[in-house]
Amino acid sequence: MKKGLRALSLAAVSSALIFTGACSNKEASKEAEKVEVGSLPKAGDFSKEVELNLSGSFTRGKAEDGNYVQKRLEEQFNVKIINTKTDTWNTDQVNLMVASGDLPDTFGFTAGGKSAQELFDSGLTRTIPKEMLEKYAPRYMKMLSENPPGPIMNLKQGTDNEYLQLIGQYDHVDGVAWGPTLRLDWMEKLGIDPPGEIKQVGPSGGREKIYFTEAAYTLEELEEILKAFTFDDPDGNGKDDTYGISPYHNQIHWSASLMGAFGLHPGYNFMEKDKLVVTEISEKYKEFLTLMAKWYKMGLIDPEFTTLDNNKSWEKYKQGKIGYYIAQPSYIAMDDWAKGRAPQNIVESPDSTAKLLATAPEIGKDGQQGVGAYLPVVNLSDAYYVSKHVTDEELARILQIFDYINFDNEARWTLYGEVGKHSDWEGTPEKSALKVRPEFAKEEGNSGFWAYNFRTYDKERVQWFQSEYTNKLKSEFYAREDVKEKMLIRPYKWDILNETKIKELEKRYKGQMDTIVAEFRMKAIVGEVDIDKEWDKYVENWMNNGGKETLAELEKAPKVSDLLK
């Protein structure tokens with residue numbers, strides 16, 4: 001999988017991924033100029049050569065001049081491409097680029113944190129007229145129309161026809177992103193029956209040791225299994241050295257399906273007792289913390305988790321002392337990009353006798369079952385900008401290149417070259433991942449693969465980098481329509497259209513609010529605070545440090561159910 005796709009990392013899906021600084025002396029007019037689209041060349045008219053300095057989502061400054069993709073694009077669109085030699089994933093390098101005023105014509109920087117509106121107000125970017133998109137990027141506009149509220153996202157404030165940025169389609173995060181796994185070999189040794197029919201994920205390469213069932217355990221049943229994993233010597237070494245579950249302190253992914261059994265997802269909001277609340281101050285969250293504190297006191301949770309980040313947690317899991325671990329479908333299917341990660345790392349060695357069972361998310365007391373949607377409203381994300389200095393005629397050519405390489409799947413060669421010459425199918429043709437041959441660079445370099453592309457993937461493109469085993473798991477369960485309808489947890493309200501001052505409040509308060517939440521969560525789980533006695537004080541602290549203003553502003557946001565209509 002490409003670097004920008006890894007682990008469904010939150011760092012890769014922010015809709016405002018950009019640098020931290022902008023020069024005040026580079027302030028420009030905040031008003032967009034009127035574009036006379038009718039006076040511009042017809043779509044497909046490339047009679048005049050245009051010089052463009054192109055940068056994409058994967059630009060690390062390593063594209064060799066005259067690379068394979070560059071030459072083909074230059075010939076097809078009659079352009080002269082200037083390669084960006086800056087690592088656009090490096091914050092310092094990006095800030096230097098901005099300070100010099102030498103921005104590429106297009107960019108999707110992965111470093112930083114300014115919003116699209118702020119970039120425009122700083123005179124660094126231009127708007128992209130809807131009329132030009134309809135004329136020069138019809139595939140992109142079709143994608144937006146098929147993903148509401150796509151057509152009204154990222155509009156410049158006060159307009160209905162000028163976009164501040166372009167966005168990508170994220171079908172690779174479609175469906176249930178996380179699910180629990182259990183050590184099946186331990187279950188068999190201890191006489192614990194799976195909750196339903198189980199199937200092997202694949203025939204070889206370690207996948208034959210991983211099984212899946214779309215049935216699930218209740219939280220009460222899971223607790224009994226974790227007790228057996230902790231106290232009944234499941235590894236048979238005669239020592240009391242195993243644990244049911246091992247969380248990690250730097251992220252909250254470890255609890256994705258456990259929180260889902262309470263109807264929760266971190267950072268989301270919902271109505272509770274006729275009031276809008278966020279997860280972290282809700283009564284349901286209090287119940288979740290109470291259960292985790294109970295499990296910790298019982299000894300089911302590895303006490304070292306307070307010192308483990310996710311990487312160290314993966315290493316500890318590989319030692320064979322943990323029975324439960326969260327996983328993405330790609331982990332279960334053992335996709336290349338997930339090698340070394342728990343839980344698949346326990347079966348990677350040919351000598352391993354471990355076996356895993358992936359189940360559907362746990363079932364809570366009210367029958368609640370699911371996982372938070374990876375993107376809160378719709379599977380659209382990321383940001384592709386056009387620099388202020390780009391002319392309308394240059395923009396016309398940029399949009400046609402953008403539309404072709406990102407939304408016409410005939411342009412697969414810009415990512416993998418020609419199949420049979422530059423790359424090969426990992427397994428079944430058209431149903432498995434493509435692997436670039438070793439004599440060609442996987443990204444940029446002599447091939448130019450991914451050098452000018454944006455992060456956007458429809459269902460067909462997803463199949464180019466996911467193994468056929470992941471595709472099968474998602475089609476059979478994780479991204480099945482009825483499963484999504486039942487199990488995807490979405491927020492009640494969300495300001496996806498940037499109609500409130502939520503982002504301003506987040507800049508002011510989010511750091512201290514997150515610290516309050518993280519500290520209380522840790523102390524609550526390990527028993528340093530009495531949850532019942534300290535809860536009201538914790539909520540009051542959260543409210544007094546930006547929570548009250550945040551909730552009031554959130555009330556102004558539209559309902560997600562309305563946005564999806």
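Note that the structure is predicted; figures quoted are calculated from it, not measured.
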Return yes when atom NZ of K62 has more than 12 non-hydrogen atoms of other residues, nucleotides or ligands closer than 6.0 Å, and no otherwise. no

Classify the ring geometry of Y268 against H265: parallel below 30°, tilted from 30° to 60°, perpendicular beyond 60°. tilted

Check the orientation of Y331 and W178. Use parallel for under 30°, tilted for 30 to 60°, and perpendicular for over 60°. perpendicular

Do the ring planes of F402 and F407 sit parallel (below 30°), tilted (30 to 60°) or perpendicular (above 60°)? tilted

Is the closest side-chain donor-acceptor distance between R455 and T110 under 3.5 Å? yes

Verify the distance criterion only: is there a donor paired with an acceptor across the side chains of N310 and N250 at less than 3.5 Å? yes

Do the rings of Y457 and F465 sit parallel, tilted or perpendicular, given the 30° and 60° boundaries? perpendicular

Is the NZ or CZ atom of K472 both under 6.0 Å from the centre of the six-membered ring of F212 and within 45° of that ring's axis? no

Shortest non-hydrogen contact between P149 and I496, atoms and distance: CG-CG2, 4.1 Å

Looking at side-chain heavy atoms only, is the closest gap between N446 and Y68 below 4.5 Å? no

State, without any angle test, whether K431 and N471 hold a side-chain donor-acceptor pair at a distance under 3.5 Å. no

No-hydrogen, no-angle side-chain donor-acceptor test under 3.5 Å, D458 and Q169: no

Side chains of T59 and E444: closer than 4.5 Å at any heavy-atom pair? yes

Residues Y325 and S313: side-chain donor-acceptor under 3.5 angstrom: yes

Is a side-chain donor-acceptor pair under 3.5 Å present for N83 with Y452? yes

